[in-house]
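I have placed the structure first, in the form of structure tokens, so that the comments after it can refer back to it.
The basis for the numbers below is simple: all heavy atoms, side chains too, and nothing from hydrogens, waters or symmetry mates.
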Protein chains: 2
Amino acid sequence: MTISEENYIKVIYHLSLVSPKGVNTNAIAGMLDTKASSVTDMMKKLSDKDLVSYQKYQGVTLTEKGFHSAKMIVRKHRLWEVFLVDKLGFSWDEVHEIAEELEHIKSEQLINKLDAFLGFPAADPHGDPIPDAKGVIKKIEKQLLSEVEINASFHCVGVKDSSTDFLKYLDKQKIALGSVVKVIDKEDFDDTLTVEIDGKRLTISNKIANNLYVQ
Amino acid sequence: MTISEENYIKVIYHLSLVSPKGVNTNAIAGMLDTKASSVTDMMKKLSDKDLVSYQKYQGVTLTEKGFHSAKMIVRKHRLWEVFLVDKLGFSWDEVHEIAEELEHIKSEQLINKLDAFLGFPAADPHGDPIPDAKGVIKKIEKQLLSEVEINASFHCVGVKDSSTDFLKYLDKQKIALGSVVKVIDKEDFDDTLTVEIDGKRLTISNKIANNLYVQ
DNA sequence: TTTTATTTTTAGATTTGTCTAAATTTAATT
DNA sequence: AATTAAATTTAGACAAATCTAAAAATAAAA
């Protein structure tokens with residue numbers, strides 16, 4: 001697979017999680033910042049290689065083969081992110097772009113040795129699960145902070161939105177994966193939350209709460 | 001720079017060390033397993049980018065800019081090799097190909113953090129020096145084992161030939177960088193050496209001795 | 001159910017890096 | 001110095017991945 005093909009497969013994988021019945025041409029084009037016509041061209045090629053099933057105007061889905069390839073790319077991306085944060089000292093908002101390059105390095109031996117070196121981590125720095133060497137993904141039990149009951153305690157296990165702005169906000173508020181959150185109160189009008197994080201009281205907008213996973 | 005451009009620059013760099021007056025089109029084509037006409041095309045492009053100075057039929061040399069780029073690529077290649085051997089447990093004959101891919105990852109911050117993580121190594125697993133962040137290369141004092149005087153002791157500091165076969169031969173004979181070598185005798189007829197390596201006596205052909213650096 | 005709007009695909013062009021085959025230049029040999 | 005050989009460059013073509021503009025199909029609205 002070329003880097004370009006891998007990028008298409010990866011995007012189709014992520015979009016499939018939201019629309020499992022078939023991914024739209026325009027949606028793919030939007031994610032890859034390319035034109036719909038380019039997507040159509042590539043779908044024909046990926047279909048010839050039996051990585052996607054594609055019928056004109058009907059959207060695409062990954063084949064078994066394409067699904068497995070996608071998970072291997074995601075595995076590589078997330079393992080490299082762990083390496084960058086845990087070993088090299090990058091912060092969690094700096095690693096995505098570098099991992100976008102590293103995920104295309106080919107050697108399977110490399111990624112399995114890296115996995116071992118990192119201690120077989122279950123999740124990347126944003127809390128997203130890492131597929132194992134066979135492609136198995138252990139689902140992480142989690143709820144959005146915006147949806148949990150009041151007066152209960154949780155700990156942060158992941159973010160839904162990994163944008164730099166959101167991650168930097170969390171850093172500023174000293175919220176990290178593993179932090180303990182107790183929901184004190186929820187405002188009826190706009191769903192603003194009052195929470196206690198690692199003992200400190202804090203007010204959190206619904207938009208924030210809607211992007212933070214807890215367990 | 002594209003990956004292809006980087007590969008050309010790197011090859012010109014290595015060939016320049018042997019022919020500093022100008023590198024031949026055919027020599028480049030040979031190293032990159034491509035055709036002379038492709039090299040000519042690329043030389044025009046690299047010349048337009050001020051990475052090489054090129055005049056028809058006269059061979060090419062690197063400009064200041066090209067020279068610096070080359071050293072940064074070599075730096076990345078060798079640091080990744082150290083990572084693969086020291087941290088992931090690859091053997092020294094397995095790392096070249098993977099490093100060929102890793103050397104094209106773009107982030108400067110990444111490579112400097114990797115350098116620090118590895119403890120600012122001076123040389124890669126084959127004994128080749130690693131340029132620092134500014135491109136400075138500390139020359140490693142070394143001689144070929146085939147050229148040293150008899151009855152003196154040295155230690156192995158590098159290999160000239162990094163082919164799998166040669167490296168595997170050294171592994172088999174338990175010769176590693178750091179091993180202590182004493183030259184006992186040299187056969188006049190074919191320059192075969194009798195040596196003592198880490199205490200064990202061994203007979204070594206001139207071809208071997210001519211690919212092993214000692215200090 | 002037409003008509004309109006949106007989405008998707010086709011057709012043809014472009015760029016990058018490569019190739020083959022022919023032409024040109026330089027080097028080597030007689 | 002003339003001829004032959006080798007190296008290098010040019011010209012034209014091709015595959016991969018992309019684009020624009022036009023055509024076709026599907027979905028939405030009147």
Side-chain angles (χ1 to χ4, degrees), chain A residues 1-16 18-62 66 69-70 73 100-101 103-104 106, chain B residues 1-16 18-62 66 69-70 73 100-101 103-104 106:
Chain A
M1 264 205 271
T2 66
I3 290 176
S4 188
E5 287 170 350
E6 288 192 344
N7 283 331
Y8 275 94
I9 290 294
K10 185 184 53 170
V11 159
I12 296 167
Y13 171 80
H14 287 304
L15 291 170
S16 291
V18 184
S19 18
K21 308 205 156 170
V23 176
N24 292 334
T25 301
N26 268 350
I28 298 169
M31 294 279 281
L32 286 170
D33 200 29
T34 185
K35 296 293 149 68
S37 57
S38 307
V39 175
T40 301
D41 288 345
M42 185 58 92
M43 290 313 103
K44 287 175 184 166
K45 192 195 302 186
L46 294 179
S47 181
D48 288 346
K49 291 193 173 188
D50 193 34
L51 291 162
V52 303
S53 21
Y54 166 69
Q55 278 155 233
K56 277 195 200 182
Y57 299 102
Q58 301 311 126
V60 289
T61 54
L62 292 172
S69 302
I73 299 166
E100 287 283 300
E101 287 190 64
E103 73 188 4
H104 300 295
K106 293 271 175 293
Chain B
M1 265 206 271
T2 66
I3 289 175
S4 189
E5 287 171 350
E6 288 192 344
N7 283 331
Y8 274 95
I9 290 294
K10 185 184 55 169
V11 159
I12 296 168
Y13 171 80
H14 288 303
L15 291 171
S16 292
V18 183
S19 18
K21 309 206 157 167
V23 176
N24 291 336
T25 301
N26 268 350
I28 298 169
M31 294 278 283
L32 286 169
D33 200 28
T34 184
K35 295 293 147 73
S37 56
S38 307
V39 175
T40 301
D41 288 345
M42 185 57 92
M43 290 312 103
K44 287 175 184 165
K45 192 195 302 185
L46 295 179
S47 181
D48 288 346
K49 291 194 173 187
D50 193 34
L51 290 162
V52 303
S53 21
Y54 166 68
Q55 278 154 234
K56 278 194 199 180
Y57 298 102
Q58 300 311 126
V60 289
T61 54
L62 292 172
S69 303
I73 299 166
E100 288 281 299
E101 287 190 62
E103 73 189 3
H104 300 295
K106 294 272 174 296

Residues forming a side chain to side chain contact (heavy atoms under 4.5 Å, CB included) with A:Asp50, sequence neighbours excluded: A:Thr63, A:Lys65
Side chain to side chain contact (heavy atoms under 4.5 Å, CB included) partners for A:Gln58, two or more places apart: A:Gln55
By side-chain hydrogen bond (donor to acceptor under 3.5 Å, both in side chains) - contacts of A:Lys49 (at least two apart): A:Glu5
Residue pair A:Val39 / A:Val60, side-chain heavy-atom distance below 4.5 Å: no
Rounded distance in Å - CG (A:Asp41) to C1' (D:dA15): 13 Å
B:Ser38 side chain near C:dC19 phosphate (N/O to OP1/OP2, under 4.0 Å): yes
Residue list, side chain to side chain contact (heavy atoms under 4.5 Å, CB included) with A:Ser19, at least two apart or on another chain: none
Enumerate the protein-to-nucleotides 23-26 of chain C contacts in which both atoms are nitrogen or oxygen and the separation is below 3.5 Å.
residue : atom : partner : partner atom : Å
C:dT24  : O2   : B:Tyr57 : OH           : 3.4
C:dT25  : O4'  : B:Tyr57 : OH           : 3.3

Rounded interatomic separation in angstrom, taking CE from A:Met43 and C1' from C:dT9: 13 Å
Non-neighbouring partners of B:Ser53 that pass side-chain hydrogen bond (donor to acceptor under 3.5 Å, both in side chains), sequence neighbours left out: B:Thr61
All side-chain hydrogen bond (donor to acceptor under 3.5 Å, both in side chains) counterparts of B:Asn7, not counting sequence neighbours: B:His104
D:dT20 base / A:Ser37 side chain donor-acceptor hit below 3.5 Å: yes
B:Lys106: salt bridge (Lys or Arg N to Asp or Glu O under 4.0 Å) partners, not counting sequence neighbours: B:Glu6
Residues that B:Lys44 engages under salt bridge (Lys or Arg N to Asp or Glu O under 4.0 Å), provided they are two or more places apart: none
For DNA chain D, the residues among residues 19-36 of chain A that have a non-hydrogen atom under 4.0 Å from it: A:Thr34, A:Lys35
Contact residues, residues 4-11 of chain B to DNA chain C [heavy atom, < 4.0 Å]: B:Ser4, B:Tyr8
Under the side chain to side chain contact (heavy atoms under 4.5 Å, CB included) test, residues paired with A:Ser4 that sit two or more places apart: A:Thr2, A:Tyr8, A:Met42
